[in-house]
Protein chains: 2
Amino acid sequence: MRPLFHPALEDIKPEAILYALSDPERVAIYAKLAGASSGGTCSALADLGDRVIPKSSLSNHFKVLRESGLILSERQGVEMRNQTRCTELDERFPGLIKAILTAYGQLPVQPKTD
Amino acid sequence: MRPLFHPALEDIKPEAILYALSDPERVAIYAKLAGASSGGTCSALADLGDRVIPKSSLSNHFKVLRESGLILSERQGVEMRNQTRCTELDERFPGLIKAILTAYGQLPVQPKTD
DNA sequence: TCAACAGTTCCGAATTTCTGAACTATGGAA
DNA sequence: TTCCATAGTTCAGAAATTCGGAACTGTTGA
């Protein structure tokens, strides 16, 4: 398996962020991740309620989110822990993520201020 | 020619906005439109500096922008006047457009005094 | 060493995007 | 009116992207 690619903060492109979040399925995944306190695994996020995302599609969604700079994934044992990079991202693109999640009506919690 | 479709404000979908603005070429067009006081025509916006967008591609860009709810197009004589719907949109999705244009570095903002 | 499991990669089918060419709509001139 | 020029749209086929089942990889535990 190839090592997972994560762009450096300064290499994150707005078009990649917008593209990644132009898919409601990915937004749902991202919003769950942003809301969950636990590092969300892929399989924990596969169930969208009305449909279960196939494994390969899910893996691709995570890849898009990861390579756009929205999330950080690291293998932990047999599974993959994913977390958002929202604090970092908000530095680089102030207000962007919050405005997007608000637009989707998916803003889960107020941003952490720690 | 088919009549041009514009979604009603309440039918505008965030995914359509994000998708439309996930293409830097469309962002450039939109930003020029937002900046220009005159209603920008298609041909006036075709020149991106480093490349001239083909007519048919340009027409498609405008269609995507229009059908996502970002712009309003109306024929005026032989040409098409386009204007942004940013005031309306900001009501529906507060802060979204501004955050996006800022992220792209395309918003002529006043310098922060931090 | 083997089995179970989480997730990735592969690959073919379906969908979408791109753009040159043809077409439509409008206005102005003869 | 008829013809021409201009602005933009639509068409069509090639290229690129997305989707998802099947096969594969890496890890843990027995």
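Hydrogens, waters and symmetry mates are skipped; everything else that's a heavy atom, side chains included, is used. First the proteins, then the strands, lettered A, B, ... as listed; each starts at 1.
The side chain of A/Arg75 approaches D/dG26 more closely than any other nucleotide in the set D/dG20, C/dG7, D/dG26. Here C/dT17 is the nucleotide among C/dG7, C/dT17, C/dT19 with the atom lying nearest to any side-chain atom of B/Tyr19.
Here the P atom of nucleotide D/dT17 and the CZ atom of A/Arg26 are 14 Å apart, to the nearest Å. Rounded to an integer number of Å, the gap from A/Glu79 CD to C/dC5 C1' is 10 Å. When rounded to the nearest whole Å, the span between CZ of B/Arg81 and P of D/dT6 equals 18 Å. Between B/Ile53 atom CD1 and C/dT17 atom C1' there is a gap of 14 Å when expressed in whole angstrom units. Spacing between atom CD of B/Glu74 and atom C1' of D/dT9 amounts to 18 Å, rounded to whole angstrom units. Between the P atom of C/dG7 and the NE2 atom of A/His61 lies a distance of 15 Å, rounded to the nearest Å.
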Taking only nitrogen or oxygen atoms into account, show me every contact under 3.5 Å that the protein makes with nucleotides 28-30 of chain D, one pair per line with its distance.
none

Between protein and nucleic acid, restricted to nucleotides 12-14 of chain D and to nitrogen or oxygen atoms under 3.5 Å apart, what atom pairs and distances do you find?
none

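Contact check for B/Leu65 versus B/Leu33: no side-chain heavy atoms found under the 4.5 Å cut-off. For the pair B/Leu58/B/Ile29, a side-chain contact is recorded, criterion being any heavy-atom separation below 4.5 Å from C-beta on. Using a 4.5 Å heavy-atom cutoff, the side chains of A/Leu21 and A/Leu18 are not in contact.
Taking 4.0 angstrom as the limit, A/Arg51 places a side-chain polar atom (N or O) nearer than this to OP1 or OP2 of D/dG20.
Other cluster members for B/Val78: none, since no ILVMFWY side-chain heavy atom sits under 4.5 Å from it. Here B/Val64 is tied into one hydrophobic group with B/Tyr19, each link being a pair of ILVMFWY side chains closer than 4.5 Å.
Sorted by first and then second residue, the salt bridge (Lys or Arg N to Asp or Glu O under 4.0 Å) pairs involving residues 11-23 of chain A (not counting sequence neighbours) are A/Asp23-A/Arg26.
Within the model, atoms CD1 of A/Ile17 and CD1 of A/Ile100 stand 7.5 Å from one another, a figure rounded to the nearest 0.5 Å.
Among residues two or more places apart in sequence or in another chain, the side-chain contact (heavy atoms from CB on, under 4.5 Å) test is passed with B/Pro54 by B/Arg51, B/Ser57. In this view, A/Leu72 and A/His6, A/Gln83, A/Arg85 satisfy the side-chain contact (heavy atoms from CB on, under 4.5 Å) rule, not counting sequence neighbours. Judged as a side-chain hydrogen bond (donor to acceptor under 3.5 Å, both in side chains), and not counting sequence neighbours, the contacts of A/Ser73 are A/Arg66, A/Asn82. With sequence neighbours left out, B/Glu67 forms a side-chain hydrogen bond (donor to acceptor under 3.5 Å, both in side chains) with no residue at all.
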Protein heavy-atom contacts under 4.0 Å, written 5' to 3' over nucleotides 8-15 of chain C as B (base), S (sugar-phosphate only) or - (none), form the string BBS-----

